[in-house]
Number of protein chains: 2
Amino acid sequence: METVKRKPQVKAKEKPGQDINYHMTIDCVIYGYDSKTLKIVLLERVLLGKDGKDMLINDLKLPGNHLYNHEDFDAGAKRIVNDLTGLNNIELHQFKAFGSPHRISKRKDLLWFQHINYPVTRVFTIAYYSLLRPHQIHLPLNRIEHARWYPLYKVKNLAYDHQQIIEESLEALRTKIKLQPDLIFNLLPAKFSMSQLLGLYEEIYKIKLDRRNFYKKINSLDYIVQLNEKQQDVSHKPGWLYMFSSDLYEQSMRAVNII
Amino acid sequence: METVKRKPQVKAKEKPGQDINYHMTIDCVIYGYDSKTLKIVLLERVLLGKDGKDMLINDLKLPGNHLYNHEDFDAGAKRIVNDLTGLNNIELHQFKAFGSPHRISKRKDLLWFQHINYPVTRVFTIAYYSLLRPHQIHLPLNRIEHARWYPLYKVKNLAYDHQQIIEESLEALRTKIKLQPDLIFNLLPAKFSMSQLLGLYEEIYKIKLDRRNFYKKINSLDYIVQLNEKQQDVSHKPGWLYMFSSDLYEQSMRAVNII
DNA sequence: GCAAAAGTGTTGATCGTACACCCATGC
DNA sequence: GCATGGGTGTACGATCAACACTTTTGC
């Protein structure tokens, strides 16, 4: 038993919080789907040389920020999405913490820290992903400057370890959707067509699905409800619209399957 | 574009790392299975009153520690398991970060911080779970004092938010095993019987499985290999022993299923 | 011989997969 | 009338769930 006489196990070389002021940040991978392409929000990071012409740095980074002192992780992530888009009540999912001592070690990242007068210290980040509906994609994104949508599968050469964070967010999203398919409807409008849903699956998992089997599958799910309404203004046979019912979803999610 | 003239978006009330020295810790839920019960390692936390008789605090906490300044999360988790057991090469899985400003606010936790002369500050923890084989369960655990095995489903009234951390670790473990069933074999000896495996599934998911269907299922998995060997010293018909082949597992994990 | 756990097969329902042709609309 | 995507059915194989009796061993 640990008694009042035993002092806690703080080892000499540990010195928690004394050698280094840790920084805690939140980074958020914000996903959107425009019925064609999965996109994410990135911010530009540009550093011009002394002559004002050379671009010493010109790359992209995830929207992220320092955590406030009395803010919990979820609230921090919400704040970031809200800063970018003005939106509240967005689905947010913490998926991993990143904290390698070497995550800020690339030359351009050190240069950037020097530029913004930051001590090169240890920066932890709690990574979230977030899913926006198409009408939310077209928001101005002007609450933070230099934010734009970029096609997920084409981004490269990001700042820090943000490439890795994005890749892991996609893996986490894919896994989550397999287990909780309701998530995917956060990327679709309230009323969507069968091929929008199919296209979204194909885009997320980078696969080709058989349309007939997909229709059959979806129609067998009672929580995806066919509306009495069809597509408008399309130059082909208009398809039925569907909606996702979270009530019916909750009901049908009682059954389980294990091994 | 963000240029050299724009200073970064550090807001006044934010003051990263200046108002508060953050502490970063790792906590680890270490699981073991003794062919009956799922168990986890906990440490006793006892604080005696001035008369040396009253126990002001007498509860349990997860093994955890501060992260070293130049250590990444995975290494920190490994170190904790190693400190406890002397073991290396243990499977470790980061599953969530906990950082609510209120996670140290219960009366007994504040009392404890006062006792160990800690500033009540903000403590983040990166939570891991870890799976030990039965022969590893019986290690002395004497590298850190006051560590004992406790039945998972009976622990309560833990320190800090450790009850919640344990619950979420179990959820994460359950989910992970559904997707990557190889994990479960880390809780079994290298040679195990069919009913050990069945019992482990039943214990993890708290369900009852049909033995005939389970045998059929397991026998259909080619990565679980029947050995030419039976149980010894059991007072009933001895069962066949099996082993898990990670090579065959890797091969069979190419196929996918999505919706 | 008895307690305790091992081992085993069939049936019906459900689900996944492969595959090709006609339909409604805008232009 | 043509281009575009919408909508549909069948057959086979695989998998899942339900269900009860016999076998082998230690004591």
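In what follows, chains are A, B, ... by sequence order, proteins preceding strands, each numbered from 1.
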To the nearest angstrom, how far is [X] atom [atom1] from [N] atom [atom2]?
| X | N | atom1 | atom2 | result |
| --- | --- | --- | --- | --- |
| A/Leu227 | D/dG6 | CG | C1' | 16 Å |
| B/Asn219 | D/dA14 | CG | C1' | 17 Å |
| A/Gln226 | D/dT8 | CD | P | 8 Å |
| B/Leu197 | C/dG7 | CG | P | 13 Å |
| A/Tyr201 | C/dG16 | OH | P | 12 Å |
| A/Tyr215 | D/dT10 | OH | P | 19 Å |
| A/Gln231 | D/dG5 | CD | C1' | 9 Å |
| A/Asp210 | D/dG6 | CG | P | 14 Å |

Heavy-atom side-chain contact between [X] and [Y] under 4.5 Å:
| X | Y | value |
| --- | --- | --- |
| B/Lys78 | B/Phe73 | no |
| B/Asn213 | B/Leu209 | no |
| A/Leu43 | A/Leu60 | no |
| B/Leu42 | B/Ile166 | yes |
| A/Val29 | A/Tyr31 | yes |

Practice item. Working to the nearest 0.5 Å, report the span between OG1 of B/Thr37 and CD of B/Glu203. Key: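 Here the interatomic distance stands at 5.5 Å.
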
Check your understanding: Taking atom types as they are modelled, is there a donor-acceptor pair under 3.5 Å from the base of D/dG7 to the side chain of A/Arg211?
Key -> yes

Review point. Taking OP1 and OP2 of C/dA6, is either one under 4.0 Å from a side-chain nitrogen or oxygen of B/Trp240?
Key: no

Review point. Looking only at side-chain N and O atoms, does A/Ser195 come under 4.0 Å of OP1 or OP2 in D/dG6?
Key: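 Yes.
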
Each nucleotide N or O in nucleotides 10-12 of chain C that has a protein N or O under 3.5 Å away: list the pair and distance.
| unit_1 | atom_1 | unit_2 | atom_2 | d |
| --- | --- | --- | --- | --- |
| C/dT10 | O4 | B/Lys216 | NZ | 2.9 |

Check your understanding: Where along nucleotides 22-27 of chain C does protein come under 4.0 Å, by heavy atom, of base (B) or sugar-phosphate alone (S), with - for untouched nucleotides?
Key -> -BBBS-

**Study point:** Charged N-O contact under 4.0 Å between B/Glu44 and B/Arg148
**Key:**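 Here B/Glu44 does not pair with B/Arg148 in a salt bridge, since their nearest N and O are not under 4.0 Å apart.
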
**Study point:** Option among B/His162, B/Glu167, B/Glu168 that satisfies the side-chain hydrogen bond (donor to acceptor under 3.5 Å, both in side chains) test with B/Gln164
**Key:** B/Glu168

Exercise for review: Please tell me which of B/Tyr242 and A/Arg212 maps to the more 5' nucleotide of DNA chain C, matching each residue to the nucleotide holding its nearest heavy atom.
Suggested key: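 This one resolves to B/Tyr242.
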
**Study point:** Pairs where residues 220-242 of chain A contributes a residue and the test salt bridge (charged side-chain N to carboxylate O under 4.0 Å, His left out) is met, not counting sequence neighbours
**Key:**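 Checked against salt bridge (charged side-chain N to carboxylate O under 4.0 Å, His left out) - neighbours excluded - the pairs reaching residues 220-242 of chain A are A/Lys191-A/Glu229.
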
